[in-house]
Amino acid sequence: MAETMTSTTSTPVKSMALAKAINESLRTALDTDPKVLIMGEDVGKLGGVFRVTDGLQKDFGESRVIDTPLAESGIVGTAIGLALRGYRPVVEIQFDGFVFPAYDQIVTQLAKMHARSLGKVKMPVVVRIPYGGGIGAVEHHSESPEALFAHVAGLKVVSPSNPSDAYWMMQQAIQSDDPVIFFEPKRRYWDKGEVNTEAIPGPLHKAQVVREGTDLTLAAYGPMVKLCKEVADVAAEEGRSLEILDLRSVSPLDFDSIQTSVEKTGRLVVVHEAPVFFGSGAEIAARITERCFYHLEAPVLRVGGYHAPYPPARLEEEYLPGLDRVLDAVDRALAY
Amino acid sequence: MAETMTSTTSTPVKSMALAKAINESLRTALDTDPKVLIMGEDVGKLGGVFRVTDGLQKDFGESRVIDTPLAESGIVGTAIGLALRGYRPVVEIQFDGFVFPAYDQIVTQLAKMHARSLGKVKMPVVVRIPYGGGIGAVEHHSESPEALFAHVAGLKVVSPSNPSDAYWMMQQAIQSDDPVIFFEPKRRYWDKGEVNTEAIPGPLHKAQVVREGTDLTLAAYGPMVKLCKEVADVAAEEGRSLEILDLRSVSPLDFDSIQTSVEKTGRLVVVHEAPVFFGSGAEIAARITERCFYHLEAPVLRVGGYHAPYPPARLEEEYLPGLDRVLDAVDRALAY
Amino acid sequence: MTVESTAARTPRRSAGTTGAKSTAGKRSTAKKSPSGEPELVQLLTPEGKRVKSAEYDRFVAAITPDELRGLYRDMVLTRRFDAEATSLQRQGELGLWASLLGQEAAQIGSGRALRDDDYVFPTYREHGVAWCRGVDPSNLLGMFRGVNNGGWDPNSNNFHLYTIVIGSQTLHATGYAMGVAKDGADSAVIAYFGDGASSQGDVAESFTFSAVYNAPVVFFCQNNQWAISEPTEKQTRVPLYQRAQGYGFPGVRVDGNDVLACLAVTKWALERARGGEGPTLVEAYTYRMGAHTTSDDPTRYRHDDERAAWEAKDPILRLRRFLEASNHADEGFFAELEAESEALGRRVREAVRAMPDPDHFALFEHAYADGHALVDEERAQFAAYQASFAEAEGDN
Amino acid sequence: MTVESTAARTPRRSAGTTGAKSTAGKRSTAKKSPSGEPELVQLLTPEGKRVKSAEYDRFVAAITPDELRGLYRDMVLTRRFDAEATSLQRQGELGLWASLLGQEAAQIGSGRALRDDDYVFPTYREHGVAWCRGVDPSNLLGMFRGVNNGGWDPNSNNFHLYTIVIGSQTLHATGYAMGVAKDGADSAVIAYFGDGASSQGDVAESFTFSAVYNAPVVFFCQNNQWAISEPTEKQTRVPLYQRAQGYGFPGVRVDGNDVLACLAVTKWALERARGGEGPTLVEAYTYRMGAHTTSDDPTRYRHDDERAAWEAKDPILRLRRFLEASNHADEGFFAELEAESEALGRRVREAVRAMPDPDHFALFEHAYADGHALVDEERAQFAAYQASFAEAEGDN
Ligand SMILES: Cc1ncc(C[n+]2csc(CCOP(=O)(O)OP(=O)(O)O)c2C)c(N)n1
Ligand SMILES: Cc1ncc(C[n+]2csc(CCOP(=O)(O)OP(=O)(O)O)c2C)c(N)n1
Ligand SMILES: [Mg+2]
Ligand SMILES: [Mg+2]
């Protein structure tokens, strides 16, 4: 695969930012499979508002990397048509808050087409959504709507937390014959990490233990994984051993891995930026409580957004889960 | 209020079908408040595909009861504008599966306008959605998308289970200065019950104990309440005393009432038609487990739809929670 | 409603050569279509007279009597099938049926204009187009019976699944057409939608995308005057074909009850698509003779005399008159066709009655192509739950 | 960018009397607007010469020198405010700014056409219109600073909140206008949107609804040639004003850098609305002189010479030339205005710097008008959590 890459890669292991890792992954996909297309607003010359598609139109042309009209339903709807024609479109939604005009096409068409056809047609469409807050943006630019997709059968929902996962999960999402909603943690776009472009990745929908611990399990995905590591560091100083699970996939959720961890630690705190009410944490708490009823020493606690519209930038620090709020939940869980 | 009613009501207590109760409630609202409008596809001469708006255009004219173009985003978007002008629109979405073209307007505009304006403007818009299955319909006509609205701050989500609640909850929804997503249990449209149009209703968002019991709590709303009553009857024959909570409101959820019941019974089964994954049951299970950790004798169990697109009619009986499936969950909960 | 009763129906009064009434009082002043034709393209009058068209005659110039009889046969069999489905619904064999009665010419004319390699995106009412594509009629009934949500492989006949969410398929068609263009193929794509659908944002977006990418797609709007209970005036105040112009491509209104005109105009539009001229909007001006679906009750919102006026423009009758007047078909042909109709009705009836209910485990099939852990878990739980009954029964 | 540098800018080359370039190569053949005017309505050339318009002169016939100076003042102050906001962003006082540079004429012309009882639905760039409505400029900065998502009461100036989700506000405007009509009022509503927004389904639906209900709304599209990095050709292949015709109402293209023409054409459209003639689409053909927002880098996608060509059509310069040539304004006026500009800049700067961060408990305000149990619960938990820090601090 590396031979055919347009970029000049000497060694397969490189340090790169998360946004760049996705860029490389898209480049690899465009290079490897002529059916892969990139579509979205400003993905061409501009390279997307986050430069995730930087240089791709220049190298692969306007017919592969397509600046679309400003209409999200149109973007996803035509991507569905292109998929029916045998293409594998990777569409970009510019920001989390702008996916809703496409919601109908995603929920009623993209998610259901395979089932509707009794398996005859496939929908290999990736919907990339930079999501989450912490970047001081204006309204609609900082939301975390993953629960609204996870509830919908027919979709898969994933979110990487680091450059290596970003690279490989994107490869796997593009190769998937199912539609994948790919939530990119926009505030981690500039975080660097090592990416081995010749590694053999694990399964897309499997959680990863990113830190072992014995007292309590922290489960998170996307932007919150880094926060959880910081939490675990502080907790360690206080003599508490936290295990961290990077869930990576929101649909399916890897309950087996969570269960394994909780059977060991007896306590679970789920952290996400999305509002707690009807969020991922609810599903995890419900199912893990069912699976681990006799193992849990404390109820599963959740740390996430409040039941309020995402606040203006100067309030987001209070709204988003931070070190103290997660530590507070850890304390509360350990106090049972 | 009864004096000004266009319909000829002699006594305030009448037996009527659930659909008729909503019709009467809308009639009362149109009659009482000149700012109330009815909007939707086919709500005029046809009276809606379920006849819920039957006769209203005839009596209140085309300017109050408005047949709209076939465009749900347009319906909700113009209703928002009308609300800004001081009207109180009650819009009908023809079927659950057709709300998604309006989802953007509901989530990004209707839900957030009040907060965006720092409380300066109000959004007294009711979005009526006949929902749920069990009527043998084709695709998109049987879904239960309430979780997709409950997760969104700024919206209130309710669902009546009987004609009296249908009448009064609609009155209260129309009087609310917040947007209310009003889920009407379509398979119960023809079920009759007594409606006292001069009663003083309880709060819109409060759950009701519809049957007292001691061994286990069944929590449900909308179409599933009736099923739960049947379940309780069967269970009673087997010597088990089930308490039934009609939740009535999905956002907010009346956790206090659930907690009170669970502290008594020690066991909770939540039943809804919507898919279990990321459904209301998850949120209820998570929060009630937190609130009642030491009271629960068993994990909160959930009975609902599977993680699959709503199936064709000939499979819906297997897909939907039925007597046996709920009893099975009751047995499992009691076996802990 | 059977084919006999249809054939026996006689027109009350011809509505003149233009045939279709314009949207009441909203007709724009002596509007010409961009092609220079009069507002309504017509090649066959309701009386079955062939009228000339400078623009469109060439698309049907080479048509043979055999092909004409073929069009007639298609329409008759489609109507027969449709009538059978309606009665199957009444008999409880189907949960619902959406009849195409009255729209046979629009569907057969446009359907027969297509090449095999073209691709069709239907609504839920394109039974006539399905027929032209060779989709077995009984396959269409699966979703109306409730045994599936779409029972055929779209790629075996280049006929996509029925789409119920109004308007969405126009974007799929546009995307598919963008793919055709990328492939350098000269196939075309046709997207069907209704007058009501014209109001959906998705349809507008499909106009924008197809125009910007110059996609080889024909938008075929069957304006059957009604969207359930709402007349077209609730969707637009000018004729719908004019919508296209503001998006930068031509729109044309054709007599949707004239199979020849529908054939010709669709061929023209497809030729444009193949020739790299991009999208075209065809508005087939027709009438929904029946209820919206078997669940509908049109007596609540429209008058019988409207229907009566349109009976005079019946698409089948008019081609029959033409065939008879031009001696292109004899008694024998009609008799044979009637027998064929009855056979079709019987075959469909039998096929539907024999259609098995899906296995319960179908619930867990096909939500995903590559599987999903939760589905596996739920399937296993369901299996255990099902087995518990078997055990319980075994216990007794 | 200050008002001085703008005033000092000299046009490189006049682009002729029509001023604006048409969408490259896509201009439809000698298209006339429905009103019979040439494609681009212009009353003031880039050189500041007044040209006649049979159709639109009457709307500015009574305009006084004082009013002309007023328009000039509005544009200059708006530009000054805009420049101040841009530098406030560079200084870190704002998180973002969306500059209207180059679009002053479109906004002031249309904004000054409105009556107090009319209602405005802006995008996020209508700072000039806000100015005309009397919204305090510093109020606009709250959302860009990140202290709120919309800091004014829409009803105090009949100026709705900025809307970020592209196109949505066109439906709100339509609904509002439907309400105006229901009330029997003769107010009008104006909805602003961009060339990019024209592709959104919501905008198309607002055309449909407003046409069907004959709502008194003016759709005012500022075609500034760009939607972030995408030129208008990515949204349409014909001029945007033509979009209206297919929905059954007139569309007109006006020179968006000509404040007089924008005033006149908007007045005409508002008059139509008030007179019960329903919606109108006005396409103001202009240019986004700056970046999309302060986060944007236009060097990645467009050439400097495009901008240079448009500088020759600067809206402020052209009115200044006219004012000077017709002796409607003297040195004193310009000097005074410059002082006023600087004062405005100062005032805005100070106001922004003094703008307090919201209280943390604002998180739990205003999600609902009637309250919500969960919000109450979360507020209480938050309070307890906050208090725990205070306690912890107290403990130390
Ligand atoms: C998005 C959406 N909204 C509402 C409906 C319900 N519905 C089904 S058919 C129909 C009318 C369609 O009218 P038209 O487009 O003219 O097609 P026709 O039925 O006349 O063929 C409506 C409102 C739907 N299927 N999808
Ligand atoms: C629904 C939606 N999609 C995408 C965006 C991101 N976005 C913000 S402005 C913009 C371009 C808008 O272009 P145009 O309508 O021409 O207005 P202009 O910015 O030129 O004034 C885009 C894509 C958005 N705000 N909303
Ligand atoms: Mg129709
Ligand atoms: Mg623009």
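To find a chain, count down the sequence lines: A is the first, B the second, and so on, and within it residues start at 1. Predicted model, so just to flag it, every value in this text is computed and none were measured.
Rounded to the nearest 0.5 Å, atoms OG1 (C:T236) and CZ (C:R243) are 5.0 Å apart. Distance check: C:L171 CG to C:D202 CG gives 4.5 Å after rounding to the nearest 0.5 Å. Remark: B:Y319 OH to B:R325 CZ distance equals 9.0 Å, nearest 0.5 Å. Distance CD/C:E306 to CE/C:M289: 10.0 Å, rounded to 0.5 Å. In this structure, C:R349 CZ and C:S138 OG are separated by 13.0 Å, a value rounded to the nearest 0.5 Å.
Contacts of C:L374 with chain B are made by side-chain atoms alone, with heavy-atom separations under 4.5 Å and no backbone atom involved. For chain B, the nearby parts of C:D297 are the backbone and the side chain; heavy atoms of each come within less than 4.5 Å. Using a 4.5 Å cut-off between heavy atoms, C:Y368 contacts chain B through its side chain alone, with no backbone atom that close. Of the two parts of C:Y385, only the side chain, counted from C-beta on, holds a non-hydrogen atom closer than 4.5 Å to a non-hydrogen atom of chain B. Interface residue B:R51: only side-chain heavy atoms are found under 4.5 Å from chain C. If you measure heavy-atom distances from C:L96 to chain B, the contacts under 4.5 Å come from the side chain alone. With a threshold of 4.5 angstrom between heavy atoms, B:F50 does not approach chain C through any atom at all. For B:E62, the part lying near chain C is the side chain, with the backbone staying farther off; criterion is any non-hydrogen pair under 4.5 Å. For C:Y162, no part lies under 4.5 angstrom from a heavy atom of chain B. The contact between B:D42 and chain C is made by backbone and side chain atoms together, counting heavy-atom distances below 4.5 Å. With a threshold of 4.5 angstrom between heavy atoms, C:H372 approaches chain B through side-chain atoms but not through N, CA, C or O. Both the backbone and the side chain of C:V147 have a heavy atom closer than 4.5 Å to some heavy atom of chain B. Looking at C:E365, neither its backbone nor its side chain comes within 4.5 Å of chain B, counting heavy atoms on both sides. For B:E316, no part lies under 4.5 angstrom from a heavy atom of chain C. Residue contact with chain B, scored on non-hydrogen atoms closer than 4.5 Å, is absent for C:R302. In this structure, chain B has heavy atoms under 4.5 Å from both the backbone and the side chain of C:I164. Heavy atoms closer than 4.5 Å to chain C are found in both the backbone and the side chain of B:E41.
For C:Q91, the CD atom sits in a packed shell: over 12 heavy atoms of surrounding residues, nucleotides or ligands are nearer than 6.0 Å.
Residues B:F95 and B:H140 are not in side-chain contact: their nearest non-hydrogen atoms beyond the backbone lie 4.5 Å or more apart.
The candidate from C:Q386, C:H366, C:E230 with the greatest count of non-hydrogen atom pairs under 4.5 Å with chain B is C:E230. The candidate with the highest count of non-hydrogen atom pairs below 4.5 Å against chain C, out of B:V49, B:I135, B:V276, B:T68, is B:T68. With chain B as the partner, the residue from C:N149, C:D296, C:D195 showing the most heavy-atom pairs under 4.5 Å is C:N149. Interface remark: of the candidates C:A367, C:S199, C:A227, C:S295, C:S199 forms the most heavy-atom pairs closer than 4.5 Å to chain B. Here C:R145 is the residue among C:M143, C:R379, C:R145 with the most heavy-atom pairs under 4.5 Å with chain B.
A salt bridge is absent between B:D67 and C:K234: the closest approach of a Lys/Arg side-chain nitrogen to an acidic carboxylate oxygen does not fall below 4.0 angstrom.
Within the 6.0 Å centre-distance limit, the rings of C:F364 and C:F382 are counted as a close aromatic pair. A centroid separation of 6.0 Å or more is found between the aromatic rings of C:F159 and C:F121.
Using a 30° and 60° split on the angle between ring planes, C:H292 and C:Y124 fall in the perpendicular class, above 60°. Ring geometry, C:F144 versus C:H127: the interplanar angle exceeds 60°, so the pair is classed perpendicular (tilted spans 30 to 60°). Relative ring orientation between B:H141 and B:F98 is described as perpendicular, the plane-to-plane angle rising above 60° on a 0-90° scale split at 30° and 60°.
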